[in-house]
Amino acid sequence: MVMPTIARYGSWKSPITSELIVAQSIALSETRLDGDTCYWLEGRPQEQGRFVVVRSDAAGTTDLTPKPFSARSRVQEYGGASWTVADGVVYFSNFADGRLYRTSDGVSAPEALTAAPSDREHQWRFADGIVDRERNRWIGVREDHTGGGEAVNTIVAVDLAQPGRDAGQVLVGGHDFVAAPRLSPDGRALLWLAWEHPNMPWNGTMLFVAELDAAGHVREPQPIAGGVAESIFQPEWSPDGQAIMFVSDRTNWWNLYRYDRVARTTQSLAPMNAEFGVPQWSLAAATYAWAGPDRIVASYVADGLGHLAVLDLQRKALTPIELPFTEFGSVRALGERVLFRAAAPNHPLSIVALDLASGSHRVLQKATRMLDQSDLNPDLRIGNYLTTVRPVEFPTTGGKTAYGLLYPPHNPDYAGPADEKPPLLVMCHGGPTGAASSSLNLSTQFWTSRGIAVLDVNYGGSTGFGREYRERLYGNWGIVDVDDCVNGARFLAEQGLIDAQRAVIRGGSAGGYTTLAALVFRDFFAGGASYYGVSDAIALARDTHKFESRYLDWLIGPYPEMAERYRERSPLYHAERLSKPVIFFQGEEDEVVPPNQSEAMVEVLRRKGRAVGYFLFSGEQHGFRKAETIKRCLDAELAFYAIEVFKIGLRF
């Protein structure tokens with residue numbers, strides 16, 4: 001037996017390298033079922049972040065969007081629901097030109113369905129579509145950027161019999177935002193979600209239903225659920241069209257409800273302290289699906305972990321399905337067949353097919369095959385380097401409790417000195433309305449296998465713990481989230497699990513803001529990394545895209561009425577307080593957080609002579625997708641901590 005080498009925490013050499021991570025990893029999302037055929041979406045860093053619709057059937061697995069096409073939309077900037085499938089034909093939005101296309105074999109050139117833009121900018125963006133077979137048209141969300149000022153979001157119909165003619169006919173307008181158009185089984189009615197500034201969809205949405213006339217025009221829309229203080233999520237028709245299912249947080253928790261169209265009554269189903277909904281940052285989220293006339297397959301989150309269950313509507317009984325996963329999403333069903341995305345702390349994100357009759361499941365695709373390869377190649381042994389994860393609760397400001405996921409350092413080849421505690425990397429998820437994920441993340445293992453503990457914080461404002469927990473952040477962004485990150489790290493230090501003097505913090509987007517605010521307004525962390533993070537809340541209020549243009553009204557307060565509060569909360573205006581090393585990573589084409597925010601902060605630190613790093617990546621937007629970008633960031637961040645913060649020897 002080989003004894004582990006004694007080496008300082010944070011200096012351990014690991015086979016989980018940045019090159020290995022990007023070489024073996026893909027993004028998996030948005031499942032669909034079309035008859036007996038399974039479909040999903042793959043994001044491929046190795047192909048410059050291209051998104052590909054994949055089909056899986058008895059003949060094997062086939063790519064349906066050929067190069068250079070990328071099935072991605074920038075509706076609301078975060079996109080989602082960029083494609084759909086009906087009768088074997090895939091309809092998708094192409095990222096390069098924003099046009100709708102259709103294809104069926106993955107070999108022939110896709111056919112354009114909407115008009116070409118007149119310039120290099122996307123004049124129209126399309127997403128969240130369905131196919132109206134009776135009228136031969138695509139119905140979905142269109143975001144119109146042709147005019148000056150704010151983009152216009154509507155639900156439109158695109159005539160499939162006259163491809164490439166125009167950008168569609170407006171069916172539903174008059175709202176700041178629309179989503180989830182769903183056609184009734186008989187094609188005679190349409191339902192959809194809408195919300196208005198300053199709400200985000202997790203604050204308040206309305207669910208509408210309307211009859212369609214013979215020509216398919218919307219007639220007399222009627223609101224049936226929701227409001228300015230109630231979030232409605234994922235409306236769906238029952239198979240017979242007599243009822244509408246949706247998720248609402250009217251009782252604090254996102255639970256399932258059924259609206260009877262005949263009686264015009266709403267009934268709660270399986271009420272419990274659990275979340276059947278998720279924040280609608282993208283348009284593709286699906287947590288449940290009909291699996292017959294009286295049965296629903298639903299995923300939910302309880303105590304920070306995911307579950308899958310079958311809801312019998314006749315008996316009103318929710319029966320859990322035993323599966324080796326703790327995170328679920330993109331749930332689709334047809335009869336006994338269920339398709340979904342799933343993961344666990346020891347299982348990478350995967351596309352999974354489940355047979356309800358037998359209870360057996362089969363993994364169709366994994367985000368990484370590294371673990372499979374390490375089983376075949378003893379020299380890799382990647383599985384031996386994976387740490388465990390455990391949920392933690394810790395006291396925070398005001399006598400409250402906050403939550404997180406702790407990943408202790410682990411590497412079979414090394415052990416830390418007996419008189420030393422490991423450094424800590426605190427991770428701040430984006431949003432800030434988001435949540436820490438329990439799925440296997442090799443980027444997290446990148447750190448833990450080098451002797452660095454990781455705490456992924458579900459600070460106040462995170463989802464998965466009810467509306468009341470989300471609303472802790474109301475008017476308190478930059479305070480509650482920062483307190484919870486600091487208090488989580490302090491709690492681990494008090495438990496003797498980490499070295500409080502070597503704790504760093506990192507985050508992207510809103511998580512980058514929390515990172516910078518913690519470094520500027522608190523004297524705890526020894527350094528950090530900001531990925532396209534907000535440093536100037538005033539600039540964000542003035543210069544961001546439509547979807548989030550009023551988000552800060554809720555997070556901080558109305559602008560410019562509360563301009564002084566914005567200044568107080570903005571790290572940029574208090575950069576002189578910053579004395580710790582910081583590294584910045586930024587996409588050149590980011591329209592959510594423009595590069596000038598990172599650059600202004602970097603310039604201040606350079607003038608002060610502080611340790612600072614800055615990387616600007618061309619061709620990247622808000623969230624990095626290219627393999628070379630992801631690899632460069634991980635390596636640079638590790639080197640920055642090792643040299644500027646931990647003061648240890650660097651090993652890769």
Side-chain angles (χ1 to χ4, degrees), residues 25-33 38-43 51 53-54 56 71-72 78-84 127-128 179-180 201-202 231 233-236 245-247 253-256 274-291 296-311 320-321 323-334 337-354 361-368 405 429-431 433-441 456 458 462-465 623:
S25 298
I26 56 176
L28 296 173
S29 60
E30 297 191 32
T31 66
R32 301 283 191 276
L33 279 171
C38 300
Y39 296 79
W40 62 84
L41 190 66
E42 292 187 4
F51 281 79
V53 177
V54 178
S56 177
R72 180 180 161 208
Y78 294 97
S82 62
W83 66 284
T84 191
D128 215 358
W202 48 85
S231 174
F233 169 82
Q234 196 192 341
E236 303 284 357
M245 183 73 70
F246 60 91
V247 176
W253 299 91
W254 267 318
N255 278 190
L256 290 164
E275 299 276 53
F276 287 81
V278 296
Q280 298 176 74
W281 282 104
S282 68
L283 295 171
T287 61
Y288 72 90
W290 289 89
I296 285 175
V297 179
S299 65
Y300 60 92
V301 174
D303 299 323
L305 297 178
H307 308 266
L308 193 70
V310 173
L311 175 61
I321 302 172
L323 291 167
F325 306 109
T326 59
E327 185 171 306
F328 299 88
S330 198
V331 179
R332 312 290 177 180
L334 185 63
R337 175 175 251 187
V338 185
L339 187 67
F340 53 88
R341 189 184 63 186
N346 61 349
H347 197 290
L349 191 66
S350 302
I351 302 298
V352 181
L354 168 70
H361 72 277
R362 182 165 61 99
V363 174
L364 303 181
Q365 179 64 294
K366 294 181 180 180
T368 176
L405 298 175
H429 64 71
T433 307
S437 170
S438 65
S439 68
L440 173 63
N441 187 332
D456 203 347
N458 274 317
S462 301
T463 52
F465 305 92

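Remember, it's a predicted structure, so these values are computed and weren't measured experimentally.
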Next on the checklist: Looking at Ser231 and Pro201, would you say the former's side chain and the latter's main chain have a donor-acceptor pair under 3.5 Å?
Outcome noted: yes
Item to check | Partners meeting side-chain hydrogen bond (donor to acceptor under 3.5 Å, both in side chains) with Ser437 (sequence neighbours left out) | outcome: Glu327, Ser439
Next on the checklist: According to side-chain contact (heavy atoms from CB on, under 4.5 Å), who are the partners of Trp290, at least two apart in sequence or on a separate chain?
Outcome noted: Glu236, Ser238, Pro239, Met245, Arg258, Ile296, Leu313
Item to check | For Ser330, all residues meeting side-chain hydrogen bond (donor to acceptor under 3.5 Å, both in side chains), sequence neighbours excluded | outcome: Thr31
Checklist entry - Who passes side-chain contact (heavy atoms from CB on, under 4.5 Å) against Asn441, sequence neighbours left out? => result Ser443, Thr444
Next on the checklist: According to ring-ring contact (aromatic ring centres under 6.0 Å, His included), who are the partners of Tyr288, at least two apart in sequence or on a separate chain?
Outcome noted: none
Checklist entry - Which residues satisfy the ring-ring contact (aromatic ring centres under 6.0 Å, His included) test with Phe325, sequence neighbours excluded? => result His347, His361
Next on the checklist: Suppose we screen for side-chain hydrogen bond (donor to acceptor under 3.5 Å, both in side chains). Which residues come up paired with Ser29, at least two apart in sequence or across chains?
Outcome noted: none
Checklist outcome for this item: Residue set satisfying ring-ring contact (aromatic ring centres under 6.0 Å, His included) with Tyr300, at least two apart, ordered chain then number -> Phe276, His307
Checklist entry - Quick one: side-chain hydrogen bond (donor to acceptor under 3.5 Å, both in side chains) partners of Glu30, sequence neighbours excluded? => result Trp83
Item to check | Set of ring-ring contact (aromatic ring centres under 6.0 Å, His included) partners for Trp202, sequence neighbours left out | outcome: Trp281, Tyr551
Checklist entry - Sequence neighbours excluded, which residues qualify as side-chain contact (heavy atoms from CB on, under 4.5 Å) partners of Ala81? => result Asp128, Leu283, Ala284
Checklist entry - With Phe465, which residues qualify under side-chain contact (heavy atoms from CB on, under 4.5 Å), at least two apart? => result Tyr403, Asn458, Tyr469
